[in-house]
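Encoded as structure tokens, the structure appears first; notes follow it.
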Amino acid sequence: MKFTKTFTTTIALTIAAGTAFAASHAMNPTVGGAEMLESKNIVENAVNSPIHKTLVAAVVQAELAETLSGEGPFTVFAPTDDAFAKLPAGSVEELLKPENADRLVQILTCHVVAADAMSDAIQGMIADDNGRHPVPTLGGCTLQATYDNGTIMLEDEQGQVATVTVADVKQSNGVIHVIDTVMLPAVQG
């Protein structure tokens with residue numbers, strides 16, 4: 001009887017400790033099948049993502065890698081390679097030319113917010129603002145955040161809507177939310 005009680009108590013304590021450890025070390029979602037480590041910064045994890053090659057190339061070309069590797073916190077709405085492929089033919093190649101550096105920086109920084117905004121906080125702000133929350137970005141754009149059935153969507157200044165396909169990818173200097181559309185600033189007249 002004493003052995004059974006001791007054994008049962010030991011098992012219960014082991015399970016409780018394991019549950020507490022797992023909760024405190026919850027895994028980040030994978031991105032494109034790649035592990036994203038909370039101990040790495042936004043750029044380090046983006047480089048590891050097989051679906052963000054175009055974004056990484058653009059960040060390097062725009063000389064934003066050092067900034068996005070910095071302390072932050074930053075929230076990055078990270079468009080996938082497929083999102084960039086939806087742009088008109090030749091757009092990415094044109095943006096990557098040195099003479100278009102200012103435009104590239106503007107577009108990329110329209111995906112960055114100077115805060116650590118997890119999806120539950122964003123949904124709370126959307127709810128507080130009656131279903132639509134303005135999100136000012138470092139690039140001077142204001143995205144409009146909405147959600148439906150727990151899925152966050154962002155509308156850019158040209159009326160395009162991106163869906164967050166992977167939320168809450170924690171980084172050492174913020175968070176990444178993967179999106180399926182490139183956000184663009186308002187058309188300059």
Side-chain angles (χ1 to χ4, degrees), residues 28-118 122 134-145 152 154-158 160-189:
N28 248 347
T30 59
V31 174
E35 185 176 8
M36 299 285 112
L37 302 175
E38 284 185 55
S39 60
K40 292 190 175 193
N41 67 46
I42 289 166
V43 173
E44 291 169 330
N45 274 321
V47 166
N48 192 42
S49 169
I51 62 171
H52 286 100
K53 300 301 181 199
T54 306
L55 178 61
V56 169
V59 165
V60 169
Q61 179 66 29
E63 298 181 356
L64 291 172
E66 185 176 337
T67 300
L68 293 175
S69 296
E71 188 175 320
F74 301 109
T75 296
V76 174
F77 297 104
T80 63
D81 294 336
D82 288 344
F84 279 99
K86 291 187 332 187
L87 292 171
S91 295
V92 173
E93 295 78 11
E94 194 64 29
L95 282 170
L96 292 176
K97 291 181 178 178
E99 62 267 23
N100 295 321
D102 290 344
R103 180 76 172 150
L104 179 60
V105 168
Q106 181 186 27
I107 289 170
L108 292 174
T109 56
C110 280
H111 293 82
V112 183
V113 178
D116 190 351
M118 300 299 282
I122 296 170
V135 179
T137 68
L138 292 179
C141 303
T142 299
L143 306 176
Q144 298 297 322
I152 295 172
L154 301 163
E155 183 178 334
D156 69 14
E157 293 177 338
Q158 293 189 21
Q160 299 180 111
V161 177
T163 299
V164 173
T165 59
V166 181
D168 299 335
V169 186
K170 297 176 190 166
Q171 315 291 302
S172 65
N173 62 343
V175 62
I176 288 176
H177 302 291
V178 178
I179 59 174
D180 65 357
T181 302
V182 175
M183 300 282 85
L184 298 171
V187 176
Q188 305 297 321

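As a basis for the values below, the full set of heavy atoms in this structure was taken, side chains included, without hydrogen atoms, waters or symmetry mates. These numbers come from a predicted model, not from an experiment.
Considering only heavy atoms from C-beta on, His177 comes within 4.5 Å of Asp168 through its side chain. In this structure, the side chains of Ser172 and Lys40 stay at 4.5 Å or more apart for every pair of heavy atoms. Contact annotation: the side chain of Asn45 never approaches that of Val169 to less than 4.5 Å [non-hydrogen atoms, C-beta and beyond]. Counting only heavy atoms from C-beta outward, the side chains of Asp156 and Pro185 never approach each other to under 4.5 Å. Side-chain contact between Val112 and Thr137 is absent, with no heavy-atom pair separated by less than 4.5 Å. Under the 4.5 Å side-chain criterion, counting only non-hydrogen atoms from C-beta, Ile42 is in contact with Ile176. A heavy-atom distance below 4.5 Å is found between the side chains of Gln61 and Leu104.
Without hydrogens or angle criteria, Asp82 side chain to Asp180 main chain gives no donor-acceptor distance under 3.5 Å. Formation of a donor-acceptor pair under 3.5 Å by the Ser49 side chain with backbone atoms of Ile51 is found in this model. In this structure, His111 contributes its side chain and Pro79 its backbone to no donor-acceptor pair below 3.5 Å. With hydrogens and angles disregarded, no donor-acceptor distance shorter than 3.5 Å links the side chain of Asn41 to the backbone of Gln171. A donor-acceptor pair under 3.5 Å is formed between the side chain of Thr75 and the backbone N or O of Ala115. A donor-acceptor pair under 3.5 Å is formed between the side chain of Glu157 and the backbone N or O of Ala186. Looking at His52, its side chain never comes within 3.5 Å of a backbone N or O of Val178 through a donor-acceptor pair. A donor-acceptor pair under 3.5 Å is absent between the side-chain atoms of Glu155 and the main chain of Ala145, judged by distance alone. Between the side chain of Asn173 and the backbone N or O of Leu68, at least one donor-acceptor pair lies under 3.5 Å. Judged purely by atom type and a 3.5 angstrom limit, Asn28 uses its side chain to pair as donor or acceptor with the backbone of Lys170.
Expressed to the nearest 0.5 Å, how far CG of Leu143 lies from CD1 of Ile179 amounts to 8.0 Å. Separation of atoms CG (Leu108) and CG (Leu55) is listed at 6.5 Å; rounding is to 0.5 Å. In this structure, CE in Met36 is found 11.0 Å from CD in Glu44, a value given to the nearest 0.5 Å. Considering OG of Ser91 and CG of Asn100, their distance stands at 10.5 Å, rounded to 0.5 Å. Between the CD1 atom in Ile122 and the CD1 atom in Ile152 there is a gap of 4.5 Å [rounded to 0.5 Å]. Leu37 CG to Asn48 CG: the interatomic distance, rounded to the nearest 0.5 Å, is 7.0 Å.
For the residue pair Pro50 and Asp81, the shortest heavy atom distance occurs at O-OD2, 3.6 Å. Here the closest non-hydrogen pair linking Pro134 and Pro136 is O-CD, 3.5 Å.
Residues passing the salt bridge (charged side-chain N to carboxylate O under 4.0 Å, His left out) test with Lys86: none are found, sequence neighbours excluded.
Within a 6.0 Å sphere centred on CD of Glu71, other residues, nucleotides and ligands contribute 12 heavy atoms or fewer. Other residues, nucleotides and ligands contribute over 12 non-hydrogen atoms within 6.0 Å of the CD atom of Gln158.
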